Amino acid sequence: MNKKMITIIAALAMCTAMAGCSESEPASSSKAETTTTTTAAAESAAPAESTADESAVTNVGTTDYDVDGDFRAFEQLKDKYDGNYLASLTGQMTNNGTKYTICIKDGKAYQSLTIQGMKSYTVCPGDGKLYNISEGTTTYSIEDFDESELKAADILFGATLDFDHAYVDTTTNVVQEYYNLDSSVSGGEGQIVYGFDGATYDLQQVVLLPEGADESSAVYFTVDSIGEADDSLLTVPDLSAYTEE
């Protein structure tokens with residue numbers, strides 16, 4: 001995988017190393033243990049912001065979601081946005097305050113992160129090239145890009161494998177669905193947790209959780225908004241004022 005690519009999914013492996021998770025730490029050996037660990041981690045995150053229309057009525061009460069049923073909110077999300085979406089996220093906990101934007105469409109990708117006002121981003125316009133651009137240093141670089149790397153750019157769907165289990169937080173009326181991660185994409189074993197509004201099933205939060213980890217080494221994202229892809233982000237901007245590295 002291209003080392004300079006801003007890969008949100010790769011935050012899983014990076015955070016695992018930074019948090020001191022090692023191979024000697026015990027991994028969850030059963031669904032019950034995994035539920036305890038990951039639920040505690042997800043519940044400790046900052047409150048998620050609703051992605052529903054602001055005019056919608058705030059939900060109250062308990063969701064009718066059946067953890068043992070056939071309906072999965074993620075599948076509904078995937079049917080609507082897989083391969084074509086623009087998402088804005090804000091980091092919580094270990095990546096607190098970092099702003100992320102991901103745009104995916106027709107084999108093209110855009111990713112950006114803004115830390116303390118400093119923005120850097122990558123554009124993959126579908127020409128087999130990856131453009132790394134830094135607004136802070138006004139520099140850019142161009143490298144070859146393999147379309148298979150699009151999975152690593154796709155925070156919502158690129159590394160998600162099979163469903164593991166679901167949990168309902170009756171206090172906040174949030175449905176949490178747990179899916180296994182594709183280690184070949186994410187850079188490590190673990191799970192990805194999707195938090196949905198229990199009434200509307202709007203996506204509120206995404207949590208990347210390394211195998212055997214607790215909240216100190218989980219990577220949290222509040223989903224500020226999600227919609228269809230913006231084509232203007234998937235084209236290379238004017239770089240005449242930038243210096244090529």
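Computed from a prediction, not measured in an experiment: that's the story for all the values here.
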Would you check if the side chain of [X] reaches a backbone N or O of [Y] as a donor-acceptor pair within less than 3.5 Å?
X	Y	result
Asp182	Leu161	no
Asn95	Thr98	no
Asp230	Ser232	yes
Ser186	Gly188	yes
Asn173	Thr63	yes

Exercise for the section: Show your reasoning for whether side chain to side chain contact (heavy atoms under 4.5 Å, CB included) applies to Phe157 and Leu77. Expected result: CA-CA 10 Å; Phe157 309 107; Leu77 178 76; 4.1 Å; yes

Spacing of [X] atom [atom1] and [Y] atom [atom2] [to the nearest 0.5 Å]:
X	Y	atom1	atom2	value
Asn180	Ile192	CG	CD1	11.0 Å
Leu156	Asp154	CG	CG	6.0 Å
Ile104	Tyr81	CD1	OH	14.5 Å
Thr122	Gln111	OG1	CD	4.5 Å
Leu181	Leu208	CG	CG	6.5 Å
Thr235	Lys108	OG1	NZ	8.5 Å

Taking side chain as C-beta onward, heavy atoms only, is [X] less than 4.5 Å from [Y]?
X	Y	value
Gln204	Val223	no
Leu86	Cys103	yes
Glu244	Leu239	no

Handout entry: With Asp82 via salt bridge (charged side-chain N to carboxylate O under 4.0 Å, His left out) - residues at least two apart
Key =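 Counting only residues at least two positions away or on another chain, Asp82 forms no salt bridge (charged side-chain N to carboxylate O under 4.0 Å, His left out).
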
Handout entry: Residue list, salt bridge (charged side-chain N to carboxylate O under 4.0 Å, His left out) with Lys105, at least two apart or on another chain
Key =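 Lys105 satisfies salt bridge (charged side-chain N to carboxylate O under 4.0 Å, His left out) with Asp231 only.
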
Exercise for the section: Establish whether Val168 and Val174 are linked, either directly or via other cluster members, by ILVMFWY side-chain heavy-atom contacts under 4.5 Å. Expected result: no

Exercise for the section: Would you kindly confirm whether Met118 and Tyr140 end up in one hydrophobic cluster when ILVMFWY residues are joined by side chain heavy atoms under 4.5 Å apart? Expected result: no

Exercise for the section: For the residue pair Phe74 and Tyr179, categorise the inter-ring angle as parallel (less than 30°), tilted (30 to 60°) or perpendicular (more than 60°). Expected result: tilted

Handout entry: Residue list, ring-ring contact (aromatic ring centres under 6.0 Å, His included) with Tyr110, at least two apart or on another chain
Key = Tyr121

Exercise for the section: Tell me, please, which residues at least two apart from Tyr201 pass ring-ring contact (aromatic ring centres under 6.0 Å, His included). Expected result: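 Per chain and number, Tyr201 pairs via ring-ring contact (aromatic ring centres under 6.0 Å, His included) with Phe71.
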
Taking all heavy atoms of [X] and all of [Y], pick out the closest pair and write down the distance.
X	Y	answer
Tyr194	Phe196	CB-CE1, 3.3 Å
Ala153	Ile102	O-CG2, 3.4 Å
Ala159	Val185	CB-CG1, 3.7 Å
Leu130	Cys124	CD1-SG, 3.2 Å
Thr101	Ser88	OG1-OG, 4.2 Å
Ala218	Leu209	CB-CD1, 3.5 Å

Could you list the residues that satisfy side chain to side chain donor-acceptor pair (under 3.5 Å) with [X], not counting sequence neighbours?
X	answer
Asp127	Tyr131
Ser183	Glu189
Lys78	none
Lys80	none

Fill in the blank from the handout: Those residues at least two apart in sequence (or on a different chain) that pass side chain to side chain contact (heavy atoms under 4.5 Å, CB included) with Gln116 are none

Problem - Residues forming a side chain to side chain contact (heavy atoms under 4.5 Å, CB included) with Thr138, sequence neighbours excluded - result: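 Residues passing side chain to side chain contact (heavy atoms under 4.5 Å, CB included) with Thr138: Tyr242.
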
Problem - Aromatic contact, Tyr100 with Phe221 (centres under 6.0 Å) - result: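 Between Phe221 and Tyr100, which both carry aromatic rings, the centre distance is below 6.0 Å.
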
Practice task
Any side chain to side chain donor-acceptor pair (under 3.5 Å) involving residues 65-77? Give me the pairs, sequence neighbours left out, ordered by first then second residue.
Solution key: Tyr65-Arg72, Tyr65-Glu177

Problem - Residue pair Lys99, Asp224: steps toward the side chain to side chain contact (heavy atoms under 4.5 Å, CB included) verdict - result: CA-CA 10 Å; Lys99 296 290 185 180; Asp224 301 318; 4.0 Å; yes

